[in-house]
Amino acid sequence: MAVPATAIPHSPTVQFDAALIRKLSRQGPRYTSYPTADRFADSFGMGDYLQAVNQVRALGARNPLSLYVHIPFCDKLCYYCACNKVITKNRSKAEVYLTYLKREIDMQGKLMGDMNIVTQLHFGGGTPTYLSDEQMGELLAHLRSRFRFANDDDGEFSIEIDPRTVTPERVRTLRNQGFNRISFGVQDFDIDVQKAVNRIQPEEVTLAVMNAAREAGFRSISIDLIYGLPKQTLMTMEQTLGKVIAANPDRISVYNYAHMPALFKPQRRINEDELPNAETKLDMLSLCIRRLTAAGYVYIGMDHFAKPDDDLAIAQRQGRLHRNFQGYSTHADAEMVSVGVSAISSVGSTYSQNEKTLEAYYERIEQGELPIARGTRLSVDDLLRRVIIQMLMCNFELSIRSLELAYPISFAKYFETELEQLRVMEADGLLSIDDDWLTVSPKGRLLIRNICMVFDSYLNGKQEVKPERLRYSKTI
Ligand code: SF4
């Protein structure tokens with residue numbers, strides 16, 4: 001069954017093809033980075049990061065800065081959770097964390113603070129609003145004392161909100177504290193689904209917080225949903241989608257729940273008998289695409305939809321869309337400095353990830369070191385493949401000629417093996433390819449991860465891979 005989505009002028013459309021998805025869905029990375037984080041090496045450390053910072057300076061430090069701040073604490077465990085978080089009601093733990101976080105900010109501020117202005121700030125977690133108003137205010141003041149921020153009109157300053165942890169009053173305070181974009185975890189409005197995942201979040205609470213965000217003048221309001229949760233049915237999805245569309249957010253993300261209890265302990269508390277089967281999940285995805293595109297949302301890519309006048313949709317039309325660890329972004333070519341436990345930075349041609357446990361993170365900072373635990377320096381081949389994967393993920397097309405102008409390669413020769421795989425995908429209707437362009441078709445867009453995987457040399461036996469690291473969710 002092929003269900004064409006509503007066409008939005010100048011915007012990519014998406015077409016749901018169940019038979020094709022059934023045939024091609026497999027496990028694969030989400031490509032928030034390339035190489036993906038599971039390829040980072042323990043041999044990469046603070047020295048390599050400092051070298052990368054020096055190189056960026058030597059090249060004139062032209063890129064603006066993007067800051068990511070990780071707050072790992074949550075009050076209560078959601079059973080579907082696959083994040084790096086600490087569940088605790090002991091607020092003093094956040095106090096301790098903030099003292100170390102500020103010390104890391106001091107170190108990064110010395111290295112990068114004078115380099116350029118911060119055009120993008122993102123608070124993620126965990127639950128960033130686990131912090132009190134006062135703690136948040138102090139942390140932001142600390143960041144501002146170490147980095148220079150763009151003004152409110154030019155900068156994208158976003159925060160992830162758990163509506164259960166904030167009041168409308170708190171939302172207004174967050175706007176006054178400088179955030180101008182906000183995203184809410186909703187997952188599903190159905191109470192039985194909420195009980196099954198241990199996340200009771202009354203609809204009135206979410207809607208009140210959303211309304212407060214709109215009144216407070218947040219420029220973009222985003223909602224996260226998940227399909228494939230226990231007790232979810234097409235009916236509950238239909239109802240949740242109706243309510244979400246009525247609430248009128250600027251962006252909607254619809255994530256596929258990947259049940260991997262061997263990897264993520266909280267998921268062991270989910271009753272597997274209550275999970276929808278693969279066919280129902282496909283129907284749910286089809287329903288989401290139909291409902292959201294019919295309501296006027298543009299398919300951005302992967303799990304993301306946005307209104308045609310939202311910055312993400314505009315950036316995509318203008319070919320400025322970018323993908324980083326927070327998903328799609330309008331700020332390309334920024335040096336990304338991330339602070340907090342497990343946070344990943346992207347500076348120059350390197351990625352570096354902080355220690356993943358609080359103990360190790362604190363210990364490194366005690367020693368006066370940046371808490372970098374692993375990372376990677378990209379080779380020229382990595383950089384080339386990263387550009388290709390970015391282009392495909394963000395624009396659904398690749399200008400082969402432009403690539404050949406920017407890199408000293410003949411595409412046909414360099415990617416001879418990849419082209420063989422792409423020809424098979426072309427026969428399946430996922431894409432078309434000629435001497436100048438690789439263009440992803442509307443029905444290939446949902447399988448964009450599969451297409452990108454063709455260019456991933458770590459998956460295709462061209463690089464050494466540790467087999468135990470190959471743990472990915474399904475592409476659809
Ligand atoms: S899903 Fe979010 S709020 Fe729930 S436990 Fe995980 S990080 Fe915390």
Side-chain angles (χ1 to χ4, degrees), residues 30-41 44-46 48-53 56 61 63-73 83-86 97-98 100-113 115-128 131 136 139-140 142-144 146-149 155-160 179 181 183 322-329 331-358 360-362 364-365 369-378 386:
R30 297 176 58 79
Y31 293 115
T32 48
S33 69
Y34 180 82
T36 48
D38 54 333
R39 315 296 178 184
F40 296 175
F44 183 100
M46 186 168 116
D48 299 284
Y49 179 77
L50 296 179
Q51 215 177 352
V53 173
V56 168
N63 295 335
L65 300 183
S66 171
L67 282 184
Y68 172 75
V69 182
H70 191 76
I71 307 295
F73 304 104
C83 301
N84 188 304
K85 79 280 166 195
V86 177
Y97 182 72
L98 285 173
Y100 285 99
L101 188 65
K102 286 175 187 166
R103 285 166 72 179
E104 189 191 4
I105 292 168
D106 291 345
M107 289 189 246
Q108 288 285 10
K110 268 188 197 150
L111 286 172
M112 311 282 287
M115 199 183 271
N116 217 328
I117 59 166
V118 177
T119 54
Q120 198 177 26
L121 169 72
H122 185 84
F123 267 63
T127 307
L131 302 183
M136 183 65 81
L139 180 55
L140 287 164
H142 197 81
L143 282 166
R144 287 197 186 98
R146 301 296 187 267
F147 292 90
R148 292 174 294 134
F149 282 75
E156 187 180 295
F157 307 128
S158 58
I159 183 163
E160 296 166 11
F179 293 103
R181 282 151 214 274
S183 65
H322 191 71
R323 196 162 162 76
N324 63 25
F325 293 105
Q326 281 81 56
Y328 287 102
S329 153
H331 287 254
D333 297 330
E335 304 298 344
M336 186 166 182
V337 181
S338 300
V339 290
V341 65
S342 77
I344 302 178
S345 298
S346 168
V347 171
S349 55
T350 65
Y351 291 116
S352 44
Q353 182 168 30
N354 278 352
E355 298 284 359
K356 286 185 179 172
T357 65
L358 286 179
Y361 175 74
Y362 294 162
R364 295 287 302 280
I365 293 174
E369 293 177 4
L370 281 171
I372 294 167
R374 61 192 66 78
T376 189
R377 175 178 299 282
L378 279 73
R386 178 166 78 171

Is [Y] close to [X] at the side-chain level, that is, under 4.5 Å between some pair of heavy atoms?
{"X": "R30", "Y": "R323", "result": "yes"}
{"X": "V341", "Y": "V86", "result": "no"}
{"X": "F73", "Y": "T127", "result": "no"}
{"X": "T376", "Y": "T350", "result": "no"}
{"X": "F123", "Y": "F157", "result": "no"}
{"X": "I105", "Y": "L67", "result": "no"}
{"X": "M136", "Y": "I159", "result": "yes"}
{"X": "I344", "Y": "T32", "result": "no"}

Expected output: side-chain [X] to main-chain [Y] donor-acceptor under 3.5 Å:
{"X": "N354", "Y": "Y361", "value": "no"}
{"X": "E335", "Y": "L65", "value": "no"}
{"X": "R146", "Y": "G113", "value": "no"}
{"X": "H142", "Y": "L101", "value": "no"}
{"X": "Q108", "Y": "S338", "value": "no"}

Shortest non-hydrogen contact from [X] to [Y]?
{"X": "R364", "Y": "I372", "answer": "NH1-O, 2.8 Å"}
{"X": "V53", "Y": "M115", "answer": "CG1-CE, 3.9 Å"}
{"X": "R374", "Y": "K356", "answer": "NH1-CE, 3.7 Å"}
{"X": "F44", "Y": "S352", "answer": "CE2-CB, 3.6 Å"}
{"X": "A343", "Y": "H70", "answer": "CB-CB, 4.4 Å"}
{"X": "I365", "Y": "E104", "answer": "CD1-CB, 4.0 Å"}

Self-check item: Evaluation steps, side chain to side chain contact (heavy atoms under 4.5 Å, CB included), between F179 and L140
Solution: CA-CA 10 Å; F179 293 103; L140 287 164; 3.7 Å; yes
| message | Working note: L378 + R386, criterion side chain to side chain contact (heavy atoms under 4.5 Å, CB included); need CA distance, chi angles, decisive distance, verdict. | response | CA-CA 9 Å; L378 279 73; R386 178 166 78 171; 3.7 Å; yes
Spatial distance of atom [atom1] ([X]) from atom [atom2] ([Y]) [nearest 0.5 Å]:
{"X": "L358", "Y": "S342", "atom1": "CG", "atom2": "OG", "value": "9.0 Å"}
{"X": "S33", "Y": "M336", "atom1": "OG", "atom2": "CE", "value": "10.5 Å"}
{"X": "L98", "Y": "R103", "atom1": "CG", "atom2": "CZ", "value": "13.0 Å"}
{"X": "R39", "Y": "T36", "atom1": "CZ", "atom2": "OG1", "value": "4.5 Å"}

Ring-plane angle category for F149 and F147, please: parallel below 30°, perpendicular beyond 60°, tilted otherwise. perpendicular
Requested in this report: Fit a plane to each ring of F40 and Y351, take the angle between them on a 0 to 90° scale, and name the class: parallel (under 30°), tilted (30 to 60°) or perpendicular (over 60°).
Outcome: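 The arrangement is parallel - the two ring planes meet at less than 30°.
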Using a 6.0 Å cut-off, check whether atom NZ of K102 has over 12 heavy atoms from anything other than its own residue. yes
Is there a side chain to side chain contact (heavy atoms under 4.5 Å, CB included) between L143 and V118? Walk through the geometry before answering. CA-CA 10 Å; L143 282 166; V118 177; over 6 Å; no
_What verdict does the side chain to side chain contact (heavy atoms under 4.5 Å, CB included) test give for Q120 and R181, after you've listed the backbone C-alpha separation in whole Å, the side-chain angles of each residue and the deciding distance to 0.1 Å?_
CA-CA 11 Å; Q120 198 177 26; R181 282 151 214 274; over 6 Å; no
Decide yes or no on side chain to side chain donor-acceptor pair (under 3.5 Å) for H122 and E156, but give the supporting numbers first.
CA-CA 8 Å; H122 185 84; E156 187 180 295; over 6 Å; no
